[in-house]
Protein chains: 2
Amino acid sequence: MTSQPASAERQRDADRTRAEILEVAQREFARRGYAGARVDEIADLIRTTKRMIYYYFGSKEQLYIAVLEKAYTEVREAERLVDVEHLAPVEAIRTLAELTFDHHDAHREFIKLVAIENIHRAEHIRKSEVLANLGTPVLDLIGRILQAGTASGDFVTEADAVDVHMMISSFCFFRVANQHTFGALFGRDMAAREHRDRLRRMVGEMVVAYLRGAGSPEDPR
Amino acid sequence: MTSQPASAERQRDADRTRAEILEVAQREFARRGYAGARVDEIADLIRTTKRMIYYYFGSKEQLYIAVLEKAYTEVREAERLVDVEHLAPVEAIRTLAELTFDHHDAHREFIKLVAIENIHRAEHIRKSEVLANLGTPVLDLIGRILQAGTASGDFVTEADAVDVHMMISSFCFFRVANQHTFGALFGRDMAAREHRDRLRRMVGEMVVAYLRGAGSPEDPR
DNA sequence: ACATTAATTAACTATCTAGTTCGTAACATG
DNA sequence: CATGTTACGAACTAGATAGTTAATTAATGT
């Protein structure tokens, strides 16, 4: 968002223009939803014209899909850097849960895009070849941790990697995505530091407790 | 949605018209989001005119707020009927988690409305006096169960009722709200019966395990 | 039977919005 | 330095969309 003299003409720079459009488009879509975001508004925010959006992306929908692709790709990129393999199973899964928590905390716009995309029944993701086949490396990682934990006897519950991923994600996602209604209804700001730190510990303890099997009816202590 | 002869005039019935508007408005807002829903479309779907919507609700926004108020009120009403007080703490909290699961499963439109409202930072909920002060009886219930569980020694983890409510809700909410992106990316339909039953058990075991304290670092078995 | 009120219809308006057309200026390339 | 290509801007269009006006018809009470 390089500031420029008000009346000066925009310098020619295809890459920059494209990148800026994507950047503010992500913000606008995340803020106002797909239908709520305005093509004109996106253009105005970076001192270009709507024409450029159609020049580079073709349509509002294709722009939105491009935003999704960029956001998802970046997130997957970050996930690939997670390294907890050197830790013992219990610490590995706890750390992974807490890193996921931090990750959600740091990428609120992405969370909103996911929420919006779900309202549209993921129709745009399904239209994107890039995204349709984009799994997540975290699943393999969880799979390996679960195996190691079962082998070592630390984990008793037989769990599926996707389920565990879902359990961790749901907690982290909800805290960010639903903070506003939750705050309005219960008067608690889940994003405030005091609550955040406690909830961060909570997600780790939750997964570990679950995998240790203390919740199963067959194993009452 | 009483079907009527195509060209017949609509019978005069204020209550029915109002109720029908609310009904389809909920469906349309849940399906298309606030900005995406069309006032004309809502009117057409029940063979009335846009004018009636303004006659009864004043504006698109007030209609949306009325939808939220109705949906939230119904949900709270249902929550008040939950009775698990006669159960022992462990079974009580497990049952509550599973009932919450069922409840989310059965009220998908409500879940979507909540997701949509969060995208708008709960601005409409805050505008509603009805909703702004609407807590949830479940919080008291959880509080009592936690107390009983701590007293009996079944629960070791010191937990806050709001946190536990959030833990349960997040799991149940995510499975419904994010089923589309989750399905598109991981190829797993969390709404399918096979997965649903397993996840239902999982949420109960998760909370119980957490409260039994098997996850805390100070208490490794 | 008559007047009053409540519910409903039809047509209208002003504005907004995604998408287009066309012209033009900067840049690269021979 | 001529020529084609790439990036850009201004103005335009067609259709949609929230919200209104005003007339009309059905129910209600007297």
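Here is the naming used below: chain letters follow the sequence lines, and residue numbers restart at 1 for every chain.
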Is there a side-chain contact between [X] and the phosphate of [N], meaning an N or O under 4.0 Å from OP1 or OP2?
{"X": "B:T48", "N": "C:dT9", "result": "yes"}
{"X": "B:T17", "N": "C:dA7", "result": "no"}
{"X": "A:Y56", "N": "D:dC8", "result": "yes"}

Sorted by first residue and then second, give each salt bridge (charged side-chain N to carboxylate O under 4.0 Å, His left out) pair with at least one member in residues 179-197 of chain A; sequence neighbours left out.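 Residue pairs passing salt bridge (charged side-chain N to carboxylate O under 4.0 Å, His left out), neighbours aside: A:D105-A:R196, A:R188-B:D160, A:R188-B:D163.
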Separation of [N] [atom2] from [X] [atom1] (nearest whole Å):
{"X": "A:M52", "N": "C:dC22", "atom1": "CE", "atom2": "C1'", "answer": "13 Å"}
{"X": "A:R32", "N": "C:dC16", "atom1": "CZ", "atom2": "P", "answer": "15 Å"}
{"X": "A:I53", "N": "C:dT17", "atom1": "CD1", "atom2": "C1'", "answer": "12 Å"}
{"X": "B:I21", "N": "C:dT8", "atom1": "CD1", "atom2": "P", "answer": "8 Å"}
{"X": "B:F57", "N": "C:dT8", "atom1": "CZ", "atom2": "P", "answer": "12 Å"}
{"X": "A:Q11", "N": "C:dA25", "atom1": "CD", "atom2": "C1'", "answer": "14 Å"}
{"X": "B:E28", "N": "D:dT17", "atom1": "CD", "atom2": "P", "answer": "12 Å"}
{"X": "B:R16", "N": "C:dA6", "atom1": "CZ", "atom2": "C1'", "answer": "15 Å"}

If you count the non-hydrogen atoms of other residues, nucleotides and ligands that lie under 6.0 Å from CD in B:E158, is the total more than 12?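 Count not over threshold, so no.
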Let's test your reading of the model: under 3.5 Å, does the base of D:dT21 pair with the side chain of B:R51 as donor and acceptor?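 Yes, the side chain and the base share a sub-3.5 Å donor-acceptor pair.
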Given the structure, check if the side chain of B:K50 and the base of D:dG19 hold any donor-acceptor pair shorter than 3.5 Å.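 Side chain to base: pair found, below 3.5 Å.
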Do the rings of B:F29 and B:Y64 sit parallel, tilted or perpendicular, given the 30° and 60° boundaries?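 B:F29 vs B:Y64 ring planes: perpendicular.
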Could you label the plane-to-plane angle of the A:H120 and A:Y34 rings as parallel, tilted or perpendicular, counting under 30° as parallel and over 60° as perpendicular?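 Rings of A:H120 and A:Y34: perpendicular, as their planes differ by over 60°.
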Roughly how far, to the nearest 0.5 Å, is CD1 of A:I65 from CD of A:E129?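 CD1 of A:I65 is found 11.0 Å from CD of A:E129.
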Can you pull out the residues from residues 117-130 of chain A that lie within a 4.0 Å heavy-atom distance of DNA chain C?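 Close to the strand, none.
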For DNA chain C, what residues of residues 36-43 of chain B have any heavy atom nearer than 4.0 Å?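 Here the set is empty: none.
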How about A:F110 and A:Y72: are their ring centroids closer than 6.0 Å?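 For A:F110 and A:Y72, the ring centres are under 6.0 Å apart.
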Angle by which the axis turns from one end of the helix from C:dA1-D:dT30 to C:dG30-D:dC1 to the other, five pairs per end, to 10 degrees: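 Here the helix ends are tilted 10° relative to one another.
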Any donor and acceptor pair, going by atom type alone, linking the side chain of [X] with main-chain N or O of [Y] inside 3.5 Å?
{"X": "B:E205", "Y": "B:M202", "result": "no"}
{"X": "A:R126", "Y": "B:A184", "result": "no"}
{"X": "B:K60", "Y": "B:A37", "result": "yes"}
{"X": "A:R121", "Y": "B:R31", "result": "yes"}
{"X": "B:R38", "Y": "B:A43", "result": "no"}

From D:dT20, C:dA6, C:dA26, nucleotide with atom closest to B:Y54 side chain: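 Nearest listed nucleotide: D:dT20.
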Side chain of B:R12 only, heavy atoms from C-beta on: which candidate in C:dA26, C:dG19, D:dA26 is closest?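 Nucleotide nearest to B:R12's side chain: D:dA26.
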From A:D83, A:L146, A:L96, residue fulfilling side chain to side chain contact (heavy atoms under 4.5 Å, CB included) relative to A:L141: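 Answer to the side chain to side chain contact (heavy atoms under 4.5 Å, CB included) test with A:L141 among A:D83, A:L146, A:L96: A:L96.
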Nucleic acid contacts - residues 61-69 of chain A versus DNA chain D, non-hydrogen atoms under 4.0 Å: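 Residues of residues 61-69 of chain A under 4.0 Å from DNA chain D: none.
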Yes or no on side-chain hydrogen bond (donor to acceptor under 3.5 Å, both in side chains) for B:E117 and B:H124, after CA distance, side-chain angles and deciding distance? CA-CA 7 Å; B:E117 185 57 7; B:H124 306 101; 3.0 Å; yes
Test side-chain hydrogen bond (donor to acceptor under 3.5 Å, both in side chains) on A:T136 and A:E79 and set out the steps. CA-CA 8 Å; A:T136 171; A:E79 276 181 356; 2.5 Å; yes
Please list, chain by chain and in numerical order, all residues satisfying salt bridge (Lys or Arg N to Asp or Glu O under 4.0 Å) with B:D140, sequence neighbours excluded.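 Here no residue qualifies.
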